[in-house]
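The next block holds one structure in the form of structure tokens; read it before the comments.
Here is the naming used below: chain letters follow the sequence lines, and residue numbers restart at 1 for every chain. Predicted, not measured: the structure shown is a model, and the values here were computed from it.
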Amino acid sequence: MRMSQLFSQTLREAPADAEVESHKLLVRAGYIQQLAAGIFTYLPLAKRVLTKIENIMRQEIDAIGGQEITMPVVHPAEIWKETERWYQIGSEMGRFYDKSGRDMVLAMTHEEVVADLVRRTIHSYRQLPALLYHIQTKWRDDPRPRAGLIRVREFTMKDSYSLDMDQEGLDQQYRAHYQAYYNIFHRCGLQVKAFKSDVGMMGGSMAHEFMYLTPIGEDTLLVCDNCGYAANRQIARFKKDPAAVEEPLPIEKVATPDTKTIEDLAEYLGIPKSKTAKAIFIIASIIQGVESYDRLVFAIVRGDMDLNETKLTNVLKAKELRPALEDEIISVGAVPGYASPKGLKDVLVVVDDAIPESPNLVAGANEEGFHYLNVNYDRDYKAEIVADIAVAEEGSLCPECGNPMGLQRGVEVGNIFKLGSRYSEAMGANFLDQEDQAKPVIMGSYGIGSGRLMASVAEEHHDEYGLIWPISVAPYAVHLIILQKKVKHQDQNKGEEVDDNDPLDVAEGLYEQFQSAGIEILFDDRDQRPGVKFNDADLIGIPIRLTISDRSLQAGGIEAKQRDQKEKTIIPIDKIVSHVEATIAELHANIDQEVVTIPFEE
RNA sequence: CGGGGUGUGGCGCAGAUGGCAGCGCGCCGCGUUUGGGACGCGGAGGCCAGCGGUUCAAGUCCGCUCACCCCGACCA
């Protein structure tokens, strides 16, 4: 490609609304342009990177038995109603009417379409197992797109769907994806770590998220350096410091004026926060079939902990939670700031599992300005649900080994789910087994967003001058720069001296040569000053830079430099193609070294 | 959805107290220049986000709306 023809333009300054480096650089280097919040155009350079990433994904999924298909972006609402996700998912789903007024859905994911495909196609156990995948547009109307390509509303995803007769088959395909995903990320030059995660709206029994660890990430992860326990904060378990063993003391009401928060209360009474009970009122909308209803929930965690809303949501099987309003709290007879689980009506009480273990806590007395001392679970009140509903913090103890865990931020670049029969049962996607029994197909689903992966690679591989693509995903392997535009030699008819080493001639010749050698090359043939060309080359981030100039020719050839290194070497013209081929091979070999077997962690 | 911020040419920005819409980069033409974002001369390009008000006069004051960004909530 000639840079004079390339449809893009580099910018000296990044748009003011770009904050993270991958966003700034991808815009400045002319890879992407924003059309609206979370909606981007991918220009030729970006398209080439995406194609490379997608081809890596194709190779790895094909290698574990995948067959590529393409499923529609527009779905009739019926299939989403069949699985009830039409009712469960809120504004994140894009809905519209077709010309006849039928409900239509923009694809957020494709389980429904796959289940429909399966019920039409799979009839016998002989057709299983199978693995389908496609690379297709998704629309998720995220309430807050951010950080350039890291979190968008419209994006392209490789999603695969495994189909099996039984759980064992699913386990096998799940593990195959686990390794294939590591291979994909490693081949893109990105180090990731798999974390156990919440299944969220996907349902099912197990999920892992593949996290690129970076401070710009929006997921919070807990990691144990000692035993390797790793989990998304949404579901991370932790060992709760046991409370001191004490005999239950008699309950006692004390005046505690102006102590609406746990901090105030603990300070006023001169006790640790772990000796108090924290009350949180939540309105949960709980799903029941196609309907959902609101329920006031009184959640209690120990004062030294905070509520984990994801855990509570899962315990309640709720669609969503929101904080209760003062009026709603008062309406059940509770006093905000001094609420007590004793004597409330029509409230669903959920306590954290550390509460029954913690005797003699201070809790609200349900009276403005008063608390009870020595409240004991079971003796003084009971809950409908006792479960782990507390959130892990920096320093929380590892549930496996008790070591203090650290908090990290991560970008979720991929995820894998064991769906089981959630979709096949809802949609009647059955097969006949050897005993002539109809059984639901056991499904798994596995996704990687290609744009987010590209942005993560950019985030990881750049310096102050620009992008530094790994060879495996670089838009071109070679960036050829000519530092002189005009042909120097004179009109040959006059018989004057002809300089066969004219830089432009050499560059044109090499451009041809590289192309016929099948090496992807971007040729900066523009009439620009050297500084402009070098800066653009650094910004665009192609791995190998070749410079042809009077100076290089006098030194004996072409100057070669790798984007991630400082050294420049002069290579004779007749050796340059083989030299570049060798460099490319070496760069690929370096990446392939990173592709290693990762033990599967439950 | 709550909080905060910003909307003036492709990008970055300036435009007290209302009075002819500007600068740098980029873009077009000519010339000089050519190893790390050159210089000279001459150009093109803007309903100042939109709507409504106040005023002789609004980019500027008032009201409403919209868009985009950030934090939080949310999120396969």
Side-chain angles (χ1 to χ4, degrees), chain A residues 8-20 23-24 27-28 30 33-39 85 88-93 107-111 138-148 150-153 155 157-161 197-204 207-210 216 218-220 232 234 282 309-310 313 319-323 411-419 422 444-449 452 465-466 481-486 488 503-504 526-539 545 547-555 559 561 568:
Chain A
S8 75
Q9 186 180 20
T10 56
L11 297 176
R12 223 181 259 227
E13 287 173 288
D17 55 14
E19 288 222 334
V20 303
H23 186 195
K24 286 186 194 170
V27 172
R28 278 190 58 211
Q33 259 178 48
Q34 182 168 344
L35 177 64
I39 305 178
R85 285 209 282 189
Q88 293 163 6
I89 298 170
S91 57
E92 205 186 343
M93 179 184 278
M108 321 174 64
T109 173
H110 284 80
E111 283 77 16
K138 307 283 185 276
W139 171 260
R140 292 182 194 176
D141 200 351
D142 199 294
R144 196 159 106 70
R146 62 174 283 274
I150 296 294
R151 185 159 151 187
V152 292
R153 296 194 293 168
F155 57 100
M157 171 176 258
K158 187 289 305 167
D159 38 331
S160 33
Y161 301 88
S197 65
D198 182 41
V199 295
M201 77 167 185
M202 304 296 298
H208 282 86
E209 293 168 337
F210 289 80
I216 68 151
E218 50 198 353
D219 285 273
T220 305
N232 195 305
Q234 293 180 322
I282 299 278
E309 293 198 11
T310 305
T313 303
K319 179 178 166 185
E320 59 184 0
L321 305 181
R322 66 168 171 84
V411 172
E412 181 186 350
V413 286
N415 53 32
I416 56 179
F417 290 90
K418 286 187 184 177
L419 300 174
R422 156 89 175 84
S445 93
Y446 315 85
I448 297 179
R452 182 181 278 186
Y465 303 107
I481 291 178
I482 164 75
L483 290 189
Q484 182 203 319
K485 177 69 182 174
K486 293 195 182 70
K488 243 183 353 188
L504 186 63
R526 299 174 303 168
D527 186 12
Q528 288 287 354
R529 295 174 63 84
V532 172
K533 294 192 172 191
F534 288 135
N535 278 300
D536 278 351
D538 286 346
L539 191 54
R545 188 184 82 189
T547 308
I548 302 178
S549 66
D550 281 330
R551 189 194 286 186
S552 78
L553 292 175
Q554 274 160 26
E559 177 194 285
K561 177 185 174 298
K568 303 167 184 170

Side chain to side chain contact (heavy atoms under 4.5 Å, CB included) evaluation trace for A/Gln34 with A/Ile39: CA-CA 6 Å; A/Gln34 182 168 344; A/Ile39 305 178; over 6 Å; no
Worked verdict on A/Arg551 versus A/Glu559 for salt bridge (Lys or Arg N to Asp or Glu O under 4.0 Å): CA-CA 9 Å; A/Arg551 189 194 286 186; A/Glu559 177 194 285; over 6 Å; no
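Rounding to the nearest 0.5 angstrom, the gap separating the OH atom in A/Tyr446 from the CG atom in A/Asp159 is 12.5 Å. In this structure, the separation between NE2 on A/His208 and NZ on A/Lys418 is 8.5 Å, given to the nearest 0.5 Å. For the atom pair OG1 of A/Thr10 and CG of A/Leu539, the computed distance is 6.0 Å after rounding to the nearest 0.5 Å.
Comparing B/rC27, B/rC74, B/rU34 by their nearest atom to the side chain of A/Arg529 picks out B/rU34. The side chain of A/Leu11 sits closest to B/rC11 out of B/rC11, B/rU34, B/rC68. Each of B/rC27, B/rC75, B/rC68 was ranked by its minimum atom distance to the side chain of A/Gln9; first place goes to B/rC27. Taking only side-chain atoms of A/Gln234, from C-beta outward, the nucleotide of B/rC70, B/rC75, B/rG12 with the closest atom is B/rC75. Nearest to the side chain of A/Pro15, among B/rC11, B/rA38, B/rC74, sits B/rC11. Listed nucleotides: B/rU34, B/rG12, B/rC69. Nearest to the side chain of A/Asp527: B/rU34. The side chain of A/Pro143 has B/rA73 as its nearest neighbour among B/rG35, B/rC70, B/rA73.
Ion pairing between A/Asp141 and A/Arg153 holds under the 4.0 Å rule for side-chain N and carboxylate O. Between A/Arg85 and A/Glu111, at least one side-chain nitrogen of the basic residue sits less than 4.0 Å from a carboxylate oxygen of the acidic one, meeting the salt-bridge criterion.
For A/Glu218, the CD atom is densely surrounded, since the number of other residues' heavy atoms within 6.0 Å is greater than 12.
Backbone-only contact: A/Ala147 has heavy atoms under 4.0 Å from sugar-phosphate atoms and none from a base. A/Lys533 comes within contact range of no nucleotide atom at all, as no heavy-atom separation falls under 4.0 Å.
Between the side chain of A/Arg28 and the base of B/rG10, no donor-acceptor pair under 3.5 Å is found. In the interface, the side chain of A/Arg146 is not paired with the base of B/rC75 through any donor and acceptor atom under 3.5 Å apart. Taking only distance into account, the side chain of A/Glu559 meets the base of B/rG35 through a donor-acceptor pair shorter than 3.5 Å. No hydrogens or angles were tested; on distance alone, nothing pairs the side chain of A/Asp550 with the base of B/rG35 as donor and acceptor under 3.5 Å.
Comparing A/Glu13 and A/Arg551 by the nucleotide of RNA chain B that holds the closest heavy atom to each, the one mapping nearer the 5' end is A/Glu13. Across the interface with RNA chain B, nearest-nucleotide mapping of A/Ile448 and A/Arg144 shows A/Arg144 to be the residue nearer the 5′ end.
Between A/Arg526 atom CZ and B/rG37 atom P the separation is 14 Å, expressed in whole Å. When the P atom of B/rA38 is taken as reference, atom CG of A/Asn535 falls 8 Å away, rounded to whole Å.
The side chain of A/Gln33 contributes no N or O atom lying less than 4.0 Å from OP1 or OP2 of B/rG10.
Applying the 90° cutoff around 0 to the glycosidic angle, B/rA16 is assigned syn.
B/rU60: no Watson-Crick or G-U partner with both key distances under 3.5 Å is found in any strand.
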N/O to N/O distances under 3.5 Å, protein versus nucleotides 7-9 of chain B:
none

